[in-house]
Structure formats: structure tokens, C-alpha cells
2 protein chains.
Amino acid sequence: MNILEKISNELDTLSKSERKVAEVILSSPSTVIHSSIAALAKQANISEPTVNRFCRRLDTKGYPDFKLHLAQSLANGTPYVNRHVDENDSADEYTAKIFESTMANLELARKSLDTSLINRSVDVLTQANKISFFGLGASAIVAHDAQNKFFRFNVPVVYFDDILMQRMSAINSRQGDVVIVISHTGRTKSLVEVANLAKENDATVIGITTTGTPLAKECSIVLSLDVSEDTDLYMPMSSRIAQLALIDVLATGFTLRRGSKFRDNLKKVKDSLRSSRFDRKE
Amino acid sequence: MNILEKISNELDTLSKSERKVAEVILSSPSTVIHSSIAALAKQANISEPTVNRFCRRLDTKGYPDFKLHLAQSLANGTPYVNRHVDENDSADEYTAKIFESTMANLELARKSLDTSLINRSVDVLTQANKISFFGLGASAIVAHDAQNKFFRFNVPVVYFDDILMQRMSAINSRQGDVVIVISHTGRTKSLVEVANLAKENDATVIGITTTGTPLAKECSIVLSLDVSEDTDLYMPMSSRIAQLALIDVLATGFTLRRGSKFRDNLKKVKDSLRSSRFDRKE
DNA sequence: AGTGAGTATGAAATTTTATTTCATAATTTT
DNA sequence: AAAATTATGAAATAAAATTTCATACTCACT
């Protein structure tokens, strides 16, 4: 709770001298956080112990602790929240809202993740003979991105954003293959079918989707990602970003599991791109 | 400025012992604000003067002042900081680090954006005869995603992640066309050339890139997105996510500019997908 | 390897700051 | 108006932070 509010609430339960302290603090809190107890006492024309008693009355441990609370209250504490864009927002406003919602949703997504399942997924991925990423629409780009990352690891990886190719690929899968199916809604019929096909062909199916969806039921491992989309705009936004962050997590887990020699290889892959770039003059 | 960010930024300018202090603080900042300098010193296995020197190096007056700053940073919503993944991190740890770094970088990216330029870009986009998105590698998926979004607006939009197609498309562009070129490094030769080609053919070229890169110099409008990538892992991570958030911003600006009737249309597009999905039983 | 300049570190001393104790003053109750 | 209660500050004490300084370490150069 904001301590400044608390001070003004309890103003009348305070003694005369304590109220003097309160008034000095309320009138310029930002000065107070840089004052010692002696300076504040002098400013309020009272003694140091009075300041100390004042602090304790506000349920703080003492003056330094009180200052900490005060500092926190002063820090304009707007945590990231999901704010919907409004028709009349300026560019400034909708930009801020979108970035903030994205961050708020990443936070939500992280909370819905079960890291032990991530660990198991990484296990399965490092062991895989072949890795396939399937997605449609906005999730297709996530699958695409995943291919781009895992390709660098020099493992057999494909991605498909085409229903027929996905089906054919799923039917051809076998034990030791890992199929990662990405869908925010988890209700896209053809993807659910593909997941089922892959499972019936003994592939390990990892789903990146929302908890409790039809797709989730078909998967061997469900990496649940619960985010709240801004449905007013009729476009997938936060969901695909959370999915990408999860891909980063899986890819990172993969490289860590493979050890340091493997990571030197990644550097080589990256360095191979150098000649396609303009030098950085420093 | 957030002091936690500052600590992780300056991590490599610190001495060995000071870095120990930094690590203890980063790993549990909320404990530290209730610790004395002695307690923190003990926790980090170093001496009290070292803690003091550490605080001063971060431009604070001393330990109490440092705690004040820390308290403010913690109060400020969320202590998202760019923390690099370490070789021995557990799944829990690297997951947290990646999500947090992503959020921290989104915050950074937002700060580097100039909303008046976003406004101009939206102007230009709503007026465009044709919109093209170009990207390579990780930025290709951003271009892909942008196409997916703008396609819903029923405007002529294409994306290319192939150098030759990009060149051909750039050469065929003309006044009234908008070309959006996406590249984190801004140094990919072929993309810089494509931007130049498009410009010479009178298209409006919008660059989504880092400030001051060769690509930025070729663009009519530069939407600068400065993020700090975790270079240890040799993979693009935060950059593409920031780019996607920016695409969301542009797409949102576009729909807002077009008015409410236009948004009803978006709903229709979304509803058209319904039959491809399993019903939600509620 | 050895030497020396420069830097980093911690033990101890000092200073600053906060808290406790206790005597006295102010206020309230009877 | 006396007694009881509460509020207050001076002084003492305790705690915390900072400074000083001697020593250990690091790195560049023989």
C-alpha cells in the first residue's frame, strides 16, 4: 500500500509532534528520501526520537525502512497491464498500450509454463531423429522461426505451414521423431488431426497451445501458454510473441544440454554470415 | 533509469569482487533492500568497503542511497532486466531469464521509438497503393507476419524473404508504393541494396532497424528499434520480438486510421475462420 | 621467471546515523 | 488540583556506513 496515502489516512491518530513530521513529509516527500533522520527532525522542529516513533507507528521497522517504503511509493509504480487500444488513441498512446500489453502477456505466459515440462521437451528434442514444426496463420511464423533456430544446430528440422504437407509429414513420422504443433486456440481442426496422426505413428507430439484445448488432449507433452489476446482488434498479437519466447527457451535449453563445444559451432554458423554484411566501423 | 538494468549493463566494467555483489543483488533484489551493508557483504563473501565502492560506481552516494534507488526500481512495476543465460542454469532459471530479457528489451525498444515517425508511417501506409515487406533470416518471419496482418486489411501486400524476388520487386516499385525493410543489424548488404533500389524507383522506404546503420541511411523513414541481444547465444532473440511488436503497432495504427466500419470488416475475416475450428463448449 | 607500476581488496578506525533509555514536560482524568 | 497517563527530547548507546591505510593481486615489461 502506498505509504503517502497511509500517512494522510492516519493523520488524526498521530500526536501533535508526529503530525508535524507527517506534514513535512507530505509537503515534499522527494526531499525526505535524501534526508537523514536528524535533518528531517530539524526541518519539522522536533526531536529525532519523535521521527523514529512516527515511523514505527506506520508499521515500518524504523527510519531507514520508512524511507524505503517512501521511495517505493514515489517511484511511479505502473506495472505492466493489459490495456486495450481505444478508438481515439494517439500514436503515442496505442504504441505504449501495445508494448505494455505485450509485456503483461509475456508475464502471464511465463506463469502458465511448467518448467519441468520444458525440461522434458528439451530432453526429447536433443534425442530426436527429426524435428518438425507445424503451425497455421500467425503460428506458422512461429514454426518458421523455430526452423530458423534449430537449423543452426545442424539437426534435421522442417517446418510446414500447409495443411497437406503437414498431413503427409505426420503420416510419415515414426518413433524417435518429434512433432511440435503450435496453435494459440488449439481448436484448428486440421492441426488437431495432424497431431493425432503423428501420435498414432509413434512420434512424440509437443503442443504449444492453451491449457485444456482439443489440441492439448492429443499431445504427449503440452507446453501451455495462456495469454489474453486483445480480441477487439481481431488479430493475433501477444500469443505469437509468447510462442516465440518459448521457442527461444527451447532452443536455449537445447544448446545448454549439448555443451560448450556445440556452442562454438553456433558461433561458426553466425560468423559464416559475416561476408554478407557491411563492416562495423568502430 | 532502472538501477537493475544499469547493474547488468555495467557488469563487465566491474571488478571481480564487485561482480559478486552485483550477482547477489540481481538474483534477489528484494532481499537486498532489507539487508545492511554487512549482511550483503557477507552474502557475497566480500568486504563491506567493496559493497560501498560498488554502490559508488553506479553513481549513487553510498549504500543507503543505492538501496533507495533499488527500492524505486523494484516498485517500478517489474524488475525486468537483461540477464544472460549461464551454462549451468536449470530450466527454471533460463526460462525466467529469457522471458525477463525479452520484456526488458521490449521496454528498451519502446523507448527508442519515435511515435511521430510511427504516425507518419501509418499515414504513408494507409495511402499506399501497394505494401511490400522484406526481411532475411529472423527478420523474414517478421515480414511474413506483417503480410499475415496486412492481408486481413484487404490491401495489396506482399512479403519476400528471397534476395532475388526482393530485388525484382524493388525495381518494379513506383511512387505510391511502400517498401518496409526489416533488419536488426541494418548491415545486410543485399537488403541495403534493395532499400536503395526501391528508393531510386520513388517508393517510400520504411526501415525497421537499429539507429545509425547503413540501412537506416537508405530509408525515407527509419523506425529505430534498439535492443541489446544476448550475443553469447549467437541467435537473434529479442530483436525479432521487438520488430513484431512494432508491426502490431503499425497494424493497429492502420486500423484506427481507417475507422470503425473498417474494423467490422476485420471481424468478418476472423469469423470466416470459424468453420475450420472446433467449437468451444461453454 | 622476476620486477615494478597500478589496481583491487579487506581490517581496523572513524564517522555518521539511528535507536534506546530515561527524565521531564504536557495533557488528560478524576 | 492531584494523580495518572501520555508525549517529548537530551543524552547514551548501538548500529551502520565510510574512510584510511596496509597488503595482496594483476598485468606489462624485462
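Proteins get letters first, then strands, A, B, ... in listed order; numbering begins at 1 in each.
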Just N and O in the side chain of [X]: are any of them under 4.0 Å from OP1 or OP2 of [N]?
{"X": "B:Thr50", "N": "C:dG10", "result": "yes"}
{"X": "A:Ser17", "N": "D:dT8", "result": "yes"}
{"X": "B:Ser15", "N": "C:dT9", "result": "yes"}

By salt bridge (Lys or Arg N to Asp or Glu O under 4.0 Å) - contacts of [X] (at least two apart):
{"X": "A:Asp92", "answer": "none"}
{"X": "A:Asp226", "answer": "none"}
{"X": "B:Asp59", "answer": "B:Lys6"}

Roughly how many Å is it from [atom1] in [X] to [atom2] in [N], rounded to a whole number?
{"X": "B:Arg19", "N": "C:dT9", "atom1": "CZ", "atom2": "C1'", "value": "15 Å"}
{"X": "B:Ile46", "N": "D:dC25", "atom1": "CD1", "atom2": "P", "value": "17 Å"}
{"X": "A:Phe54", "N": "D:dG9", "atom1": "CZ", "atom2": "P", "value": "14 Å"}
{"X": "A:Leu40", "N": "D:dG9", "atom1": "CG", "atom2": "P", "value": "13 Å"}
{"X": "A:Arg57", "N": "D:dT6", "atom1": "CZ", "atom2": "C1'", "value": "10 Å"}
{"X": "B:Glu18", "N": "C:dA8", "atom1": "CD", "atom2": "P", "value": "7 Å"}

My understanding is that only residues two or more places apart in sequence, or in another chain, count here; which of them pass side chain to side chain donor-acceptor pair (under 3.5 Å) with B:Glu193?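 Scan of B:Glu193 (side chain to side chain donor-acceptor pair (under 3.5 Å), adjacent residues dropped) gives B:Arg167.
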
Practice item. Using side chain to side chain donor-acceptor pair (under 3.5 Å) as the criterion, list what pairs up with A:Ser239, not counting sequence neighbours. Key: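 Once residues adjacent in sequence are excluded, the partners of A:Ser239 under the side chain to side chain donor-acceptor pair (under 3.5 Å) criterion are A:Glu229.
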
message = Taking the minimum atom-to-atom distance to the side chain of A:Ser47, which one of D:dA11, C:dA8, D:dT8 wins?
response =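 Closest nucleotide to the A:Ser47 side chain: D:dT8.
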
Task: Contact list for residues 14-36 of chain B, test salt bridge (Lys or Arg N to Asp or Glu O under 4.0 Å), sequence neighbours left out - done: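 Only B:Glu18-B:Arg57 qualify under salt bridge (Lys or Arg N to Asp or Glu O under 4.0 Å).
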
inquiry  = Can you tell whether the side chains of B:Arg110 and B:Glu107 come within less than 4.0 Å, N to carboxylate O?
reply    =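 Yes.
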
Could you go through nucleotides 22-27 of chain C and list every protein N or O atom that sits under 3.5 Å from one of its N or O atoms, giving the distance for each pair?
residue : atom : partner : partner atom : Å
C:dT27  : OP1  : A:Lys16 : NZ           : 3.1

Requested in this report: Report the residues that fulfil side-chain contact (heavy atoms from CB on, under 4.5 Å) with B:Ala109, sequence neighbours left out, ordered by chain and then residue number.
Outcome: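 Only A:Phe99, B:Leu225, B:Val227, B:Ala242 meet the side-chain contact (heavy atoms from CB on, under 4.5 Å) criterion with B:Ala109.
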
Short N/O separations, protein against nucleotides 13-18 of chain C, under 3.5 angstrom:
residue : atom : partner : partner atom : Å
C:dA18  : OP2  : A:Ile37 : N            : 2.4

Item to check | Interatomic spacing from CD1 in B:Ile241 to OG1 in A:Thr102 - rounded to 0.5 Å | outcome: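 Rounded to the nearest 0.5 Å, the CD1-OG1 separation comes to 10.0 Å.
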
